[in-house]
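Ligands are counted one by one from 1 in listed order, and the atoms in each one are counted from 1 as well. Note that the numbering runs from 1 along the sequence shown for the chain.
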Amino acid sequence: MDERKSIKSYVIRKGRMSPAQQTAYRELKQKWVLPYGETLLDFESIFSSPEGVVLEIGFGMGDATHQIASENPGKAYLGVEVHKPGVGKLLDRIEKRGLTNIRIVEHDVCEVLRSMIPPSSLEGIHIFFPDPWPKKKHHKRRLIQEPFLTELAEHLKPGGYLYAATDWDDYAEQMLEVLSTNGLLENRYQDFADPQKWRPLTNFEQKGLKKSHRIHELYFVRK
Ligand SMILES: C[S@@+](CC[C@H](N)C(=O)[O-])C[C@H]1O[C@@H](n2cnc3c(N)ncnc32)[C@H](O)[C@@H]1O
């Protein structure tokens with residue numbers, strides 16, 4: 001067991017599962033959800049020689065996950081989420097769209113990263129609208145901060161990317177600061193990234209836009 005301190009970046013949200021989510025969770029979990037464990041994943045055999053493996057942290061309802069995966073069938077997508085209805089929803093989407101290049105781990109990503117993901121193995125990391133923890137006393141629960149950020153960077157291949165988006169201005173500034181000062185990463189852009197046209201709209205992004213929040217994107221690459 002790894003004794004490093006983890007960020008408590010989430011609370012398990014209440015929320016009933018819809019009948020479709022329940023059915024998908026019951027019937028498809030065996031097929032697409034990898035059990036949490038302390039053994040490194042063998043991506044080559046799990047995904048049959050993928051062109052690259054992308055980790056998505058906190059996929060929510062899988063809005064972006066299933067669309068990106070269906071547009072990039074040669075690549076593999078590992079989605080990590082603790083919200084059970086979201087896992088049910090993505091399972092339902094995987095089956096309905098006939099996708100074979102997504103796997104899910106239903107567990108805290110801090111532990112998944114340390115125990116299951118080989119170092120320098122990822123082509124990309126997606127973090128779309130991470131929980132903002134807006135109160136100052138809760139900023140310590142934000143996911144994108146050191147030392148976790150360095151752990152994330154160490155799991156990218158050289159040239160691999162970390163792509164994040166948020167609708168919270170002060171979190172965006174904090175991300176830009178910690179990402180820019182991390183010695184393993186370099187910014188693809190001068191400052192915040194241009195919007196990546198291939199990123200689908202997500203549920204939480206929509207909520208932010210309804211409140212007239214600005215969207216900031218960050219795109220960094222491992223040196
Ligand atoms: C604000 S939601 C955004 C969901 C989705 N990406 C979107 O844009 O709609 C953040 C998600 O991250 C998940 N999350 C937060 N911390 C996590 C952790 N340590 N491990 C796995 N998932 C986490 C939460 O359960 C939640 O569903």
Test of understanding: given a 4.0 Å heavy-atom threshold, classify the contact between M61 and ligand 1 as side chain, backbone, both, or neither. neither
Quick check: do R199 and E205 have side-chain heavy atoms less than 4.5 Å from each other? yes
Filtering V109, V11, V82 for the heavy atom nearest atom 23 (C) of ligand 1 leaves V82
Could you tell me whether D170 and R142 have a side-chain N and a carboxylate O separated by less than 4.0 Å? yes
Within ligand 1, which atoms have a heavy atom of R13 less than 4.0 Å away? 25 (O), 26 (C), 27 (O)
Before signing off on this row, confirm whether E56 and ligand 1 have an N or O atom pair separated by under 3.5 Å. no
Could you list which atoms of ligand 1 come closer than 4.0 Å to a heavy atom of G60? 4 (C), 5 (C), 27 (O)
What class does the angle between the rings of Y161 and W198 fall in, given that below 30° is parallel, 30 to 60° is tilted and above 60° is perpendicular? perpendicular
Those atoms of ligand 1 less than 4.0 Å from some heavy atom in T202: 7 (C), 8 (O), 9 (O)
What pair of heavy atoms forms the shortest contact from D63 to N203, and how long is it? OD2-N, 2.8 Å
Output the list of atoms in ligand 1 that are nearer than 4.0 Å to some heavy atom of D108, sorted by atom number. 18 (C), 19 (N), 20 (N)
Min side-chain heavy-atom separation L90-W32 under 4.5 Å: no
Hey, is H107 one of the residues with a heavy atom under 4.0 angstrom from ligand 1? yes
Any non-hydrogen side-chain atom of L156 less than 4.5 Å from a side-chain atom of L184? no
